Amino acid sequence: MSTLALWIPLLPLLSAAALAAISLADRGRAQNGRSRARAAVPALAVLPIAAAAVLTFVVLFGHGTGAATESRIRYAATGGPELWLGARVDGLAALIAVLVGVVATAVQLYSVSYMAHEERYTSYSALISLFTAAMLVVVYSTDLLVLLVGWEIMGACSYFLIGHHWERPEARSASVKAFLVTKFGDAPFLLGILFLAHGAGTFRIQPILQHAIQQGGHGYTAAGAILLIGGVMGKSAQVPLQTWLPDAMAGPTPISALIHAATMVAAGVYVVARLYPVFLVTPAALWILAISATLTAVTAALSAFAQRDLKRILAYSTVSQLALMVAALAAGGRDAAVFHLMSHGGFKALLFLGAGVIIHKAGTGDVDELNTQGLRRKLPVTFVTMTIGLAALAGFPPFSGFFSKESIAGAAYETATHSGPTKSLIGITPPAGIGWLVLVATLLTGFLTAAYALRTWWMLFGPLERGWFRSAVEISQRQLKPSEPAQEAETPTAAEVAAASEWALEALVAESIREQDAAAEEAAAKARAGRPEAPRAELLPLVVLAAVTTVFGFVGLNLGWFASWLGDADGGAYRASAAKAGKLIQPAAAYHLAPALLSTVLALIALALGFGVVFAAARAKPGADPNHVLGFLRKPAFLGFRADDLQDAVVVRPIQVAADTVGFLDTEVVDGYVRGSGHAARLLGEGLRRIQTGNVQLYLTGVLTGVVVIAAALGFGR
């Protein structure tokens, strides 16, 4: 299977090369030639990626529950650590490759219709294929330097894809920001790879893992683990490098689905899971991951609750959910983190692709405007699939998000209550403090996620002027009537009158807005009459992903199924008997994903509280956005807690000052010396030139004068 895996990235790579050739050829052709060339683009974009996805399933089932296998060739003899080109297939790589293949295929198929009107569709699809190939290289690579190549190619592809609409200033700035912020984290990531390779004497993953297990978290292993976190924070958008991801929404919606679900942001979590023993033996690295992740999870969830743009809601949601995965890894829940990574990849791709259908149909992504569009009736398939996706995001049973997030809470609880060395191959588990920190953050994030997921659904599909809003208006109108026999004895209080007046005023405003929009909506409805909800190429991925989201969570119910396919943290095969005997990397409880009673109850309480807050907020101010419940946090959350301003003050401005200082020293000091030496030489030459007049008598006079001066000096010297 590792030999087959070695060739899988070539399919999307060849697709990218063919599409790039067509794109370059189109530039020199007439319009009719361009149209003929573009006719082959959808097939070249979709079929190789689909074939690669099928092969990832072949690798998954061929690998089964076995131990890691490698196929490699040495491609460079350096005199030091050798460099290997090859593939390493273990359970983790096989499962994540399937996720990449399925989501990339769905995105390419969806883009056939969604991007059909784009003049640069060919180059766009070529970059998606290259993006997919790079992620598959990261997933299957057996050598950390080759992994780094795929890692950096993804960064370059994200730069071009986020800035696809380069004519828009926000797209250009977002692409540059994404590139620079992630590269800021890639510098320590490269150093971390070099430290690990120096300690183990090789860049191959398996010897590095064995070295960490045998030597523990000391020296180069500890330094490498801590440095790698920089790259993880950059790629997976964790505090303090989280600011690029919400702005990346300037790219086309299918790109958002690909970046957020299966590539780029998943790469950071994947690397930690792939090198997990290195982090597990380094408590300092686990603490850094835990603190960053818990802070990210809560703040990003609050920011998602406060946003108005649908894609930015989903972007902040991705940041928060990635933080849960990183937190699970910090708390010793590798299996839970990977479980949620795969679950999240399915429902987040579904949500972004569904958002694309909504934005195309409505012409806007502002949830305040979408609330008046009647999307439930106009987009029935999108309504059902988006409802499933948001339910999974909220952690509503029986959808996949409930099981995967519950498993994270369970892993955190196990770590919190069983601190210190336990029965495992390395004899240690993360500190109990990390377990408690992650458990509290997971439950708080679950509460906030349920709240903003329901708020998003209500703003999209449950118009605020309906339901209890109308009943509240009718009640307020009845309360404002001056006299009724049955109510003469019940005089409303001042507070009730004020509340009723506020409700009535909001009703009048809402009614005015509806009347103003009625004509435009009617005209738009006539224009859209007879047209389908969306092309089949866009709806099919939604249906497939919704089905996967509905059933995927059940794979965690069996105590050993997912663990046996995922394998041990060092790539070895999972055996329940070996786990109980303490012969695997982690304690037996770390491999169990089936819901436990306490963690399930806590997760359901958080879910119920989140839903309850939104319902209460809607009842308190019918017709208003439920996120008003955030109160004083609403504005800072909307602004992302001014993380951009903080980065500007802490990093950007000091670097600008340093650059200005270096520029001044270079131009005014260093160049001043250079210019001064040239100027002095020129002045000396000017002086000598004045002496060289060609007058022989003057020369003889000068010689005679010199002789007289010398003689006089010698005479006086005696």
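Here the structure is a predicted model, which means the values were calculated and not measured.
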Asks: Between Lys183 and Glu152, is there a salt bridge with N-O shorter than 4.0 Å?
Replies: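 A salt bridge links Glu152 with Lys183.
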Asks: Is the centre of the Phe61 ring less than 6.0 Å from the centre of the Trp565 ring?
Replies: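 Between Phe61 and Trp565, the centre distance is under 6.0 Å.
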Asks: Measure from the side-chain N and O atoms of Ser15 to the backbone N and O of Leu44, and report whether any donor-acceptor pair falls under 3.5 Å.
Replies: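 Yes; judged by distance alone, with no hydrogens or angles, the pair exists.
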Asks: Less than 4.5 Å apart, any side-chain heavy atom of Leu85 and any of Arg72?
Replies: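 No, their side chains stay 4.5 Å or more apart.
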Asks: Could you check whether any side-chain heavy atom of Met115 comes within less than 4.5 Å of a side-chain heavy atom of His164, counting everything from C-beta outward?
Replies: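 They are in side-chain contact.
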Asks: Would you call Glu538-Lys361 a salt bridge at under 4.0 Å N-O?
Replies: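 The answer is no: the pair does not qualify as a salt bridge.
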Asks: Less than 4.5 Å apart, any side-chain heavy atom of Trp84 and any of Ile73?
Replies: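 Trp84 does not reach Ile73 side chain to side chain.
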Asks: With a 4.0 Å cut-off on N to O distance, would you call Asp644 and Arg642 a salt bridge?
Replies: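 No salt bridge links Asp644 with Arg642.
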Asks: With heavy-atom distances below 4.5 Å as the criterion, would you say the side chains of Leu95 and Leu99 are in contact?
Replies: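 When only atoms from C-beta onward are counted, Leu99 and Leu95 do not touch, as no gap falls below 4.5 Å.
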Asks: Please determine which of Phe179, Trp166, Trp244 meets the ring-ring contact (aromatic ring centres under 6.0 Å, His included) test together with Tyr159.
Replies: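 Considering Phe179, Trp166, Trp244, a ring-ring contact (aromatic ring centres under 6.0 Å, His included) with Tyr159 is found only for Phe179.
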Asks: Would you confirm whether the ring centroid of Phe189 sits within less than 6.0 angstrom of the ring centroid of Trp151?
Replies: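 Ring centres of Phe189 and Trp151 closer than 6.0 Å.
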Asks: So do the side chains of Met386 and Val357 get within less than 4.5 Å of each other, counting heavy atoms only?
Replies: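 Sidechains of Val357 and Met386: no contact.
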Asks: Would you say the rings of Tyr452 and Phe305 are close, in the sense that their centroids are separated by under 6.0 Å?
Replies: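 Between Phe305 and Tyr452, the centre distance exceeds or equals 6.0 Å.
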Asks: Within a strict 4.5 Å, meaning less than it, do heavy atoms of the Val384 and Leu542 side chains meet?
Replies: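 No, every pair of side-chain atoms sits at 4.5 Å or beyond.
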Asks: Assess the pair Phe339 and Phe552: is the distance between their ring centroids shorter than 6.0 Å?
Replies: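 Between Phe339 and Phe552, the centre distance is under 6.0 Å.
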Asks: Taking the side chain as every heavy atom from C-beta outward, state whether Leu351 and His260 have any atom pair closer than 4.5 Å.
Replies: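 Leu351 does not reach His260 side chain to side chain.
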Asks: Any side-chain heavy atom of Arg308 within less than 4.5 Å of one from Met459?
Replies: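 Not in contact.
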Asks: Take atom CZ in Phe184; do more than 12 heavy atoms of anything else shown fall under 6.0 Å from it?
Replies: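 No, because the 6.0 Å sphere around CZ of Phe184 holds 12 heavy atoms or fewer from other groups.
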Asks: Is it true that Arg312 and Asp309 make a salt bridge, defined as a side-chain N closer than 4.0 Å to a carboxylate O?
Replies: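 No, this pair does not count.
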